[in-house]
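Input: a single structure, listed below in structure tokens.
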Amino acid sequence: MKRKFLALSATATLLALTACGGGAEADGGDSGAQASAATGPGAVCAQHEPLRFSDTGVEGLETLVLEFEDFRVALEEATGLAVEFQPMASRTAAATALEYDDLDVLLTGPAEYVVLKQEADAIPLVGVTRENYQAAIIKRSDSDLNSVADLKGKTMITKEVGSTSGHLGPLEMLVSAGLDPNVGDVEVMPLSNTHIEAFVSGDGDALGTGISDFETVQEAMGEDAVQLLETGPALPNDLFIARTGLGQDCADYLQQSLTENQDVLLEAITQTGENDKYIGSEFIEATDADYDPTRRAFEAAGFTQYSDLPDEDEQ
């Protein structure tokens with residue numbers, strides 16, 4: 001399907017929702033899905049229809065429609081359940097919505113999940129793998145750093161606080177090397193989207209960021225001017241989660257539906273061109289223990305109460 005056609009289709013859907021004064025938005029699909037779910041395989045979830053879906057990386061109904069309308073339709077077909085959009089302005093809003101039964105299914109990242117598990121006891125459904133999703137620590141080629149342990153007493157620049165690959169991942173690498181930023185072993189400087197620019201201009205002894213940024217740094221400084229000090233392990237996956245109020249039987253049904261229909265659902269997510277990070281992804285089993293490395297990184301960042309991590313609009 002052409003991207004232009006998809007954009008026009010999504011825009012038309014949004015206009016239809018608006019024209020109906022929000023009623024169509026709540027329906028999220030044809031009434032037949034809800035009727036058949038009462039007696040079909042989705043009966044364990046039928047009392048919760050329509051299921052309300054959102055993504056913590058997307059703000060506003062219009063953007064949700066543009067990026068996920070095809071997925072919403074595919075999810076209805078996969079589950080036999082009516083699905084509607086429920087925009088979330090922030091991770092904090094998502095936690096509140098999950099806790100008070102205003103949101104049912106959410107696509108989110110590892111850092112957000114750790115908070116949502118603590119705040120709302122969110123249920124992990126399936127993980128969504130991402131290619132080259134790992135952190136790295138970059139050094140200048142003329143640096144005397146030979147290992148992550150050599151960063152003791154030095155400064156590492158990172159991306160904004162809470163970025164999984166650009167902040168928490170590098171912090172977990174420090175912890176694994178026996179370094180504790182909380183006691184001053186390493187000075188960590190989170191610099192949001194200026195982290196690469198700062199390192200290129202000469203700040204910091206090393207740069208902790210997602211490995212996908214390495215090429216950007218090379219282009220800015222020259223291929224021979226920088227090196228990978230170390231790459232981290234694969235980071236915990238993004239994942240779909242459900243509110244605990246759906247119950248385990250419903251969560252199990254959604255997990256099965258996502259897994260069995262993953263090819264169609266992933267195509268629906270990526271074909272708009274807005275979610276290229278999921279090209280080549282697959283849905284796999286997700287357990288809470290998978291996110292313990294992210295929790296260790298939270299603690300290394302000084303957030304022993306995970307919910308204290310600021311939302312992006314609070315930084």
Side-chain angles (χ1 to χ4, degrees), residues 57 109-112 114 129-238 276-281 290-303 309-310 312 315:
E112 291 82 2
V114 166
T129 63
R130 289 172 56 178
E131 294 183 353
N132 298 319
Y133 192 37
Q134 60 189 125
I137 296 178
I138 301 169
K139 70 168 187 174
R140 299 180 182 86
S141 296
D142 59 4
S143 167
D144 60 358
L145 297 173
N146 294 309
S147 69
V148 175
D150 292 336
L151 280 168
K152 186 170 185 177
K154 299 186 182 297
T155 300
M156 181 176 74
I157 294 172
T158 71
K159 202 173 179 181
E160 74 270 5
V161 172
S163 167
T164 299
S165 63
H167 177 247
L168 297 175
L171 288 180
E172 169 61 14
M173 293 173 69
L174 295 182
V175 172
S176 296
L179 302 175
D180 186 352
N182 289 315
V183 298
D185 286 348
V186 182
E187 181 183 359
V188 177
M189 296 176 57
L191 293 179
S192 190
N193 290 324
T194 63
H195 61 305
I196 293 177
E197 179 182 347
F199 182 72
V200 169
S201 67
D203 293 338
D205 298 294
L207 173 66
T209 189
I211 195 169
S212 59
D213 287 336
F214 183 53
E215 185 175 341
T216 302
V217 178
Q218 284 183 312
E219 291 174 355
M221 299 180 66
E223 288 189 11
D224 297 332
V226 290
Q227 298 176 0
L228 287 171
L229 177 62
E230 189 172 309
T231 58
L235 291 164
N237 297 309
D238 288 359
D276 288 351
K277 64 185 178 181
Y278 295 128
I279 292 176
S281 295
D290 296 337
Y291 299 86
D292 286 344
T294 304
R295 293 182 172 96
R296 289 193 293 270
F298 267 74
E299 292 158 9
F303 297 103
L309 186 77
E312 287 187 10
Q315 298 179 30

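- Glu230 places no side-chain N or O within donor-acceptor distance of the main-chain N or O of Ile137, the cut-off being under 3.5 Å.
- Put simply, the side chain of Thr158 does not reach to within 4.5 Å of the side chain of Phe199, judged on heavy atoms.
- When all heavy atoms of Arg130 and Asn237 are compared, the pair lying nearest together is N-OD1, 4.3 Å.
- Using a 4.5 Å cut-off on side-chain heavy atoms (C-beta onward), Asp238 and Pro110 make contact.
- A donor-acceptor contact shorter than 3.5 Å links the side chain of Ser141 to the backbone of Val226.
- Surrounding CD of Glu215 are at most 12 heavy atoms belonging to other residues, nucleotides or ligands under 6.0 Å away.
- Distance alone, capped at 3.5 Å, is enough to place a donor-acceptor pair between the Thr194 side chain and the Leu191 backbone.
- Met189 has its side chain out of reach of Asp203: every pair of non-hydrogen atoms, C-beta onward, lies at least 4.5 Å apart.
- At least one side-chain heavy atom of Asp144 sits under 4.5 Å from a side-chain heavy atom of Lys154.
- A donor-acceptor contact shorter than 3.5 Å is absent between the side chain of Asp150 and the backbone of Leu145.
- Looking at heavy atoms from C-beta onward, Ser143 lies out of side-chain contact with Asp205 at the 4.5 angstrom threshold.
- Lys159 is listed as a side-chain neighbour of Asn193, based on a closest heavy-atom distance under 4.5 Å.
- In this structure a side-chain-to-backbone donor-acceptor pair under 3.5 Å is present from Ser281 to Thr129.
- The closest donor-acceptor contact from the side chain of Asn182 to the backbone of Glu299 lies under 3.5 Å.
- A heavy-atom distance below 4.5 Å is not found between the side chains of Glu197 and Val200.
- Pro170 approaches Thr164 most closely through the heavy-atom pair CD-O, 4.5 Å.
- In this structure, the side chains of Ile196 and Thr216 come closer than 4.5 Å at one or more pairs of heavy atoms.
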